[in-house]
Amino acid sequence: MTTEPAGLGHHLETFREDWLEGLADAYARTVRRVPGAYGIVGRHAPRPGKVAVVIGGGSGHYPAFAGLVGPGLADAAAVGDVFASPSAEQIYRTVRAADGGAGVLLTYGNYAGDVMHFGLAARRLTAEGVATRTVLVTDDVASGPPPVEGQPIDPSRDRRGVAGDLFVFKVAGAAAERGDDLDSVARLAARANDHTRTFAAAFAGCTLPGAAEPLFTVNGGTTELGMGIHGEPGLRTTRQLTAAELADELVGNLLPELPVGDGRVAVLLNGLGRTKCEEMFVVYRQVNRRLRAAGLRPFRPEVGEFVTSFDMAGVSLSLMALDDELAALYDAPCDTPAFRSLPGAYGPGDDQRADGAGESEEPTEAGASMVAAVGGPVGGGGAAPLGDGTSPGGGLPVAAALHAALELVAANEEELGRLDAVAGDGDHGIGIVRGLRAAVAAAATAEPGPADDPRSAGTALLAAGLALADASGGASGALYGALLAEAGAVLLRAPEDARGAALFADAVDAAQRAVGELGGATVGEKTMLDALDPFRRELRARAAQGLSKAWQAAAEAATRAAADTARLTPARGRAARMGALGYGHPDAGAVSLALLLTAVGSTLR
């Protein structure tokens with residue numbers, strides 16, 4: 001059903017800026033860019049007295065998310081880099097461009113990075129007096145058990161959001177358009193999510209802009225049932241299915257879970273990027289038959305691309321069980337670049353057409369070259385010691401230290417991506433390098449005083465953390481940003497005469513608490529904490545030896561611990577869904593942190 005894509009030779013570094021600018025040019029009648037941000041806002045927004053519906057997520061999924069901005073649907077969308085969440089800063093600026101003073105609903109798919117960054121933005125908005133509500137989309141039945149009523153949604157455990165996004169966004173946008181207040185809009189969006197289920201199948205992987213090889217692959221002649229939109233492995237692999245067999249699989253995995261409605265179901269057969277509409281219509285023919293045989297009446301069926309994964313070959317089927325209110329809201333008019341609904345175009349009788357009836361592998365040498373790299377310069381990544389010896393505790397010129405980290409991490413960017421691709425989407429190296437570049441620039445601008453003044457270092461680390469999170473995006477960007485910013489806050493509050501390793505140990509203690517709280521992780525769950533915790537303990541234990549010796553010993557402990565994560569099974573973040581697939585390989589976040597800490601140690605005196 002597929003052929004290999006030719007590609008247009010995009011540059012990944014500029015891809016987000018380029019395609020957003022092109023979208024805003026092409027659909028200037030409907031949308032515009034958010035000034036100074038990677039966001040799209042509708043020409044109709046802000047509207048005084050109207051609840052603003054703000055959506056968002058990574059690039060690579062168009063029409064989600066920017067293509068769904070317009071009257072009757074979303075008021076604005078914050079856009080991240082490829083397969084990465086938008087940063088809290090980008091979300092904040094996008095919300096501010098759409099806020100009409102009646103409150104803001106934030107709704108997006110349940111992924112760790114999105115949850116972190118949208119959550120940070122919501123906190124900031126609330127502190128500034130902007131009322132916010134959040135509805136996470138959790139429609140993908142293949143990605144976990146249903147959320148437990150009364151318990152908060154956990155991105156590591158609970159279901160992710162995929163093409164069912166459209167149903168939730170549409171219901172929320174229509175409720176806001178008719179003048180509902182913020183609590184009512186949030187309640188209806190949550191109800192739409194509760195009534196929505198999605199199941200997907202893929203035949204081939206996708207290739208990122210500028211890449212020569214696919215990010216992930218599906219073996220030829222097979223179908224991956226339940227695969228996620230970032231390449232997350234499915235529930236099972238089967239032989240290549242016919243269109244009718246595929247339809248049976250899609251419907252068969254949804255019907256047992258579909259909530260009770262009035263017999264009508266909104267239907268969305270979604271192409272993942274490479275499957276043609278004609279092929280999907282063949283699949284829909286059998287979907288329609290199966291639904292009607294089950295006593296369900298398709299309402300406003302849609303066949304096309306709504307949430308894609310670049311050029312992935314495959315389809316997903318989303319169903320929303322309807323009642324009168326959900327049906328009316330889904331059928332209400334809207335006008336966006338990618339989805340339009342005309343008033344009165346869908347009559348009350350139009351839904352009545354009746355036509356026909358793996359075992360875990362042992363730890364291997366995977367990542368061994370990376371672990372060895374932490375012990376010394378790689379590809380020119382090492383840095384000569386810096387500092388002028390102005391204090392017994394040693395100085396911390398933050399920009400220079402972060403520059404050394406950037407060089408070492410960049411030298412290992414490809415390997416970090418490979419480790420991340422074992423149980424993730426393979427963008428960890430790209431994202432952290434991008435974030436560190438921004439962090440270096442921010443620290444160089446912000447660092448105001450002598451290199452040995454911890455308050456100067458604190459100012460620089462705060463600026464670096466915010467810049468890294470904004471530029472990097474994703475869960476890793478949020479966690480690294482929190483680490484740097486929280487450490488900076490401790491140093492900034494330090495007494496004027498505070499010096500030495502003990503002070504930096506306090507800062508690292510605070511950073512670890514912040515990372516743990518933000519990510520919801522604990523030591524032993526195969527995350528960056530498994531490298532940070534031994535670093536923290538060793539730095540504290542050796543503080544009397546002076547900052548340089550203590551830091552270097554602590555960095556060696558972090559390096560060993562990062563290698564040892566190969567013997568852990570992921571229990572947090574996107575990788576947790578992969579279970580045993582992550583066993584035998586070091587955690588990319590732990591390894592990148594060990595690289596960063598080692599490089600910083602090389603700059604200390």
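None of these values were measured; they are calculated from a predicted model.
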key: Where F535 and A558 come nearest, the two heavy atoms and their spacing   =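 Closest heavy-atom pair between F535 and A558: CB-CB, 4.0 Å.
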ask   = Considering residues at least two apart in sequence or located in another chain, which fulfil the side chain to side chain contact (heavy atoms under 4.5 Å, CB included) criterion with A511?
value = L483, A487
key: Qualifying residues under side chain to side chain contact (heavy atoms under 4.5 Å, CB included), relative to E414, sequence neighbours excluded   = none
Could you tell me if the side chain of [Y] sits less than 4.5 Å from the side chain of [X], heavy atoms only?
X    : Y    : answer
L68  : P63  : yes
L518 : L120 : yes
R33  : L20  : yes

query = Does Y108 have any ring pair (Phe, Tyr, Trp, His ring centres under 6.0 Å) partners at least two apart in sequence or in another chain, and if so, which?
reply =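 Counting only residues at least two positions away or on another chain, Y108 forms a ring pair (Phe, Tyr, Trp, His ring centres under 6.0 Å) with F118.
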message = If the condition is ring pair (Phe, Tyr, Trp, His ring centres under 6.0 Å), which residues does F310 pass it with, not counting sequence neighbours?
response = F15, F83
Is the closest side-chain donor-acceptor distance between [X] and [Y] under 3.5 Å?
X    : Y    : result
E128 : Y92  : yes
H61  : S309 : no
D587 : T527 : no

task = Keeping the roles fixed (side chain from K526, backbone from L568), state whether a donor-acceptor pair exists under 3.5 Å.
result =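 Checked: pair present.
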query = Which residues satisfy the side chain to side chain donor-acceptor pair (under 3.5 Å) test with D564, sequence neighbours excluded?
reply =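 Checked D564 against side chain to side chain donor-acceptor pair (under 3.5 Å); zero matches.
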Distance in Å, S602 OG paired with E407 CD, rounded so as to fall on 0.5 Å steps =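 So the OG of S602 and the CD of E407 are separated by 9.0 Å.
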Check: residues 460-470 side-chain donor-acceptor pairs under 3.5 Å, at least two apart:
from : atom 1 : to  : atom 2 : distance (Å)
D470 : OD1    : S87 : OG     : 2.4
D470 : OD1    : Q90 : NE2    : 2.9
D470 : OD2    : Q90 : NE2    : 3.3

